[in-house]
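Data first, discussion second: the structure below is written as structure tokens.
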Amino acid sequence: MLKYYFSFLVFILFAQLHSQVWFDIGVNGAFGSGFLTDPKIYSDNRFNFSPQINNSFALKIGVNPSEIHSGVIELSISNRCYGINQASLPAADPNAQFFEKIKFSGFQAALLYRKTQDASFLEFGPIWSKITSQELKDDYSKTTINSSFIHDQNIKLVAGIGGFIMGTERVSFVAGIRFLYDLTDLRAKTAIGQTFPFQNYNDASLSKSQRAFDIQLNFELNVSLGFIYRKSYGKRNVVFKW
């Protein structure tokens with residue numbers, strides 16, 4: 001899938017070589033929340049999912065062969081967090097709940113296609129993640145695990161919509177919403193990885209795979225490196241200008 005997507009992006013970027021390509025650079029930050037998609041978490045009354053805050057911070061390079069089509073490269077640091085309240089645990093009060101918190105962070109590289117029309121845009125593409133730290137904190141067992149339960153690499157698919165909120169032809173502020181879904185299993189191929197987040201239950205019918213669906217608000221500040229060219233070619237609209 002990545003091979004076909006990359007070929008499509010290359011085609012878009014170089015199909016208009018008769019036009020001058022310009023670049024823009026920027027920084028962005030995102031925050032939101034997410035959900036583990038394992039249906040057992042929501043169909044089994046032993047579990048109560050507790051949404052937590054996720055965030056990321058990125059450097060962005062845009063490659064623009066036209067005012068409509070562009071390719072975006074993002075290099076970012078991502079922090080993800082999910083929580084589960086557990087009940088009916090072995091040797092515990094059946095009415096008691098114990099919180100389990102799952103945190104992991106790492107480096108991300110995204111390759112996105114962005115289509116812009118007037119002041120709004122649509123974007124999609126893959127994100128590759130390299131996990132550099134992880135923590136599983138379990139109140140029931142009173143343990144904290146810092147390795148080997150999250151797979152050290154992960155691929156997500158992202159789709160988003162947004163708009164150019166304010167700015168000039170040189171500098172613009174962009175805001176939008178992104179939807180992210182894990183294409184690969186989050187679990188490491190270890191004993192703890194293959195059982196989390198249900199490692200406290202002796203129940204083989206639980207966790208078969210773990211993925212997450214995240215929703216984030218994204219804010220981006222761009223500086224155009226093609227200001228002189230774009231003035232002669234056409235203007236990209238913003239809602240407010242300064």
Taking it one step at a time, do Ser129 and Phe107 satisfy side-chain contact (heavy atoms from CB on, under 4.5 Å)? CA-CA 6 Å; Ser129 301; Phe107 170 80; over 6 Å; no
Going through the distances and angles, do Glu67 and Thr116 end up as a side-chain contact (heavy atoms from CB on, under 4.5 Å)? CA-CA 7 Å; Glu67 285 289 313; Thr116 302; over 6 Å; no
Give the C-alpha distance, both sets of side-chain angles, the deciding distance and a yes or no for side-chain contact (heavy atoms from CB on, under 4.5 Å) between Trp128 and Gln153. CA-CA 7 Å; Trp128 171 81; Gln153 295 189 48; 2.9 Å; yes
Evaluate ring-ring contact (aromatic ring centres under 6.0 Å, His included) for Phe213 paired with Phe35, printing each intermediate quantity in order. CA-CA 5 Å; Phe213 178 76; Phe35 303 88; 7.8 Å; no
Worked check of salt bridge (Lys or Arg N to Asp or Glu O under 4.0 Å) between Asp24 and Lys60: CA-CA 8 Å; Asp24 57 79; Lys60 173 249 182 180; 2.3 Å; yes
Where do Leu89 and Phe98 land on the side-chain contact (heavy atoms from CB on, under 4.5 Å) test, with the steps shown first? CA-CA 9 Å; Leu89 284 155; Phe98 299 86; 3.3 Å; yes
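Rounding to the nearest 0.5 Å gives a distance of 4.0 Å between CD1 of Ile84 and CD1 of Ile41. Between Ile192 atom CD1 and Ser148 atom OG the span is 9.5 Å, to the nearest 0.5 Å. Atoms NZ and OG1, from Lys156 and Thr184 in turn, are 10.0 Å apart once rounded to the nearest 0.5 Å. Note that CG of Leu136 and OG1 of Thr143 are 7.0 Å apart. Values are rounded to the nearest 0.5 Å. Rounded to the nearest 0.5 Å, atoms CG (Asp152) and OG1 (Thr132) are 10.5 Å apart. For the atom pair Ser78 OG and Gln108 CD, the distance stands at 4.0 Å (nearest 0.5 Å).
Classification of Glu123 and Arg178 as a salt-bridged pair holds, one side-chain N sitting under 4.0 Å from a carboxylate O. Under the 4.0 Å criterion applied to side-chain N and carboxylate O atoms, Arg80 and Asp214 are assigned as salt-bridge partners. No salt bridge links Asp38 with Lys40; every basic N to acidic carboxylate O contact stays at or beyond 4.0 Å.
Under the 3.5 Å distance criterion, the side-chain polar atoms of Asp185 are left unmatched by any main-chain donor or acceptor of Ser209. Looking at Ser33, its side chain never comes within 3.5 Å of a backbone N or O of Pro51 through a donor-acceptor pair. A distance-only check finds no donor-acceptor pair linking the side chain of Glu135 to the backbone of Ile102 [under 3.5 Å].
No path of Ile, Leu, Val, Met, Phe, Trp and Tyr side chains, each step under 4.5 Å between heavy atoms, connects Phe31 with Phe57, placing them in separate hydrophobic clusters. Linking ILVMFWY residues whenever their side-chain heavy atoms come closer than 4.5 Å, directly or via other members, places Leu75 and Ile155 in the same cluster. The hydrophobic clustering, which links ILVMFWY residues whose side-chain heavy atoms are closer than 4.5 Å, places Leu186 and Ile127 apart. Hydrophobic clustering (side-chain heavy atoms under 4.5 Å, transitive across Ile, Leu, Val, Met, Phe, Trp, Tyr) keeps Leu180 apart from Phe104. A continuous path of ILVMFWY side-chain contacts below 4.5 Å connects Val27 to Val171, so both sit in one hydrophobic cluster.
A heavy-atom distance below 4.5 Å is not found between the side chains of Leu157 and Phe179. Side-chain contact between Phe219 and Ile165 is absent, with no heavy-atom pair separated by less than 4.5 Å. Between Glu100 and Gln199, the closest side-chain pair of non-hydrogen atoms falls below 4.5 Å. Side-chain contact between Leu112 and Phe124 is absent, with no heavy atoms from C-beta onward closer than 4.5 Å. In this structure the side chain of Ile177 never reaches within 4.5 angstrom of the side chain of Asn218, judged on heavy atoms. Put simply, the side chain of Pro197 reaches to within 4.5 Å of the side chain of Gln210, judged on heavy atoms. Residues Ile68 and Lys115 meet the side-chain proximity criterion, which asks for heavy atoms closer than 4.5 Å. The shortest side-chain heavy-atom distance between Ser70 and Phe23 does not fall under the 4.5 Å cut-off.
Across Asn85 and Ser50, no two heavy atoms sit closer than the pair ND2-CB, 4.1 Å. The minimum heavy-atom distance linking Lys101 with Cys81 is given by the pair CE-SG, 3.4 Å. The shortest non-hydrogen separation linking Ser88 to Tyr201 is O-CE2, 3.7 Å. Scanning all heavy atoms of the two residues, the minimum distance from Gly193 to Arg187 falls at O-CB, 3.1 Å. Closest approach of Pro65 and His69 over heavy atoms only: CD-O, 3.1 Å. For the pair Tyr140 and Ala92, the tightest heavy-atom approach, listed with the atom from each and the gap, is CE1-CB, 3.9 Å.
Between Phe47 and Phe198, the distance from one ring center to the other falls under 6.0 angstrom.
No side-chain N or O of Tyr42 forms a donor-acceptor pair with one of Asn48 less than 3.5 Å apart. Defined by atom type and a distance below 3.5 Å, a donor-acceptor pair is missing between the side-chain atoms of Asn146 and Gln134. A donor and an acceptor atom, one from each side chain of Gln86 and Asn200, are located under 3.5 Å apart. Side-chain contact, Glu220 with Asn222: a donor N or O sits under 3.5 Å from an acceptor N or O.
The 12-atom threshold is exceeded at CG of Asp93, counting heavy atoms of other residues, nucleotides or ligands nearer than 6.0 Å. No more than 12 heavy atoms of other residues, nucleotides or ligands lie within 6.0 Å of CD in Gln117, so this atom counts as exposed by the packing criterion.
With sequence neighbours left out, the side-chain hydrogen bond (donor to acceptor under 3.5 Å, both in side chains) criterion links Asn55 to Asn79.
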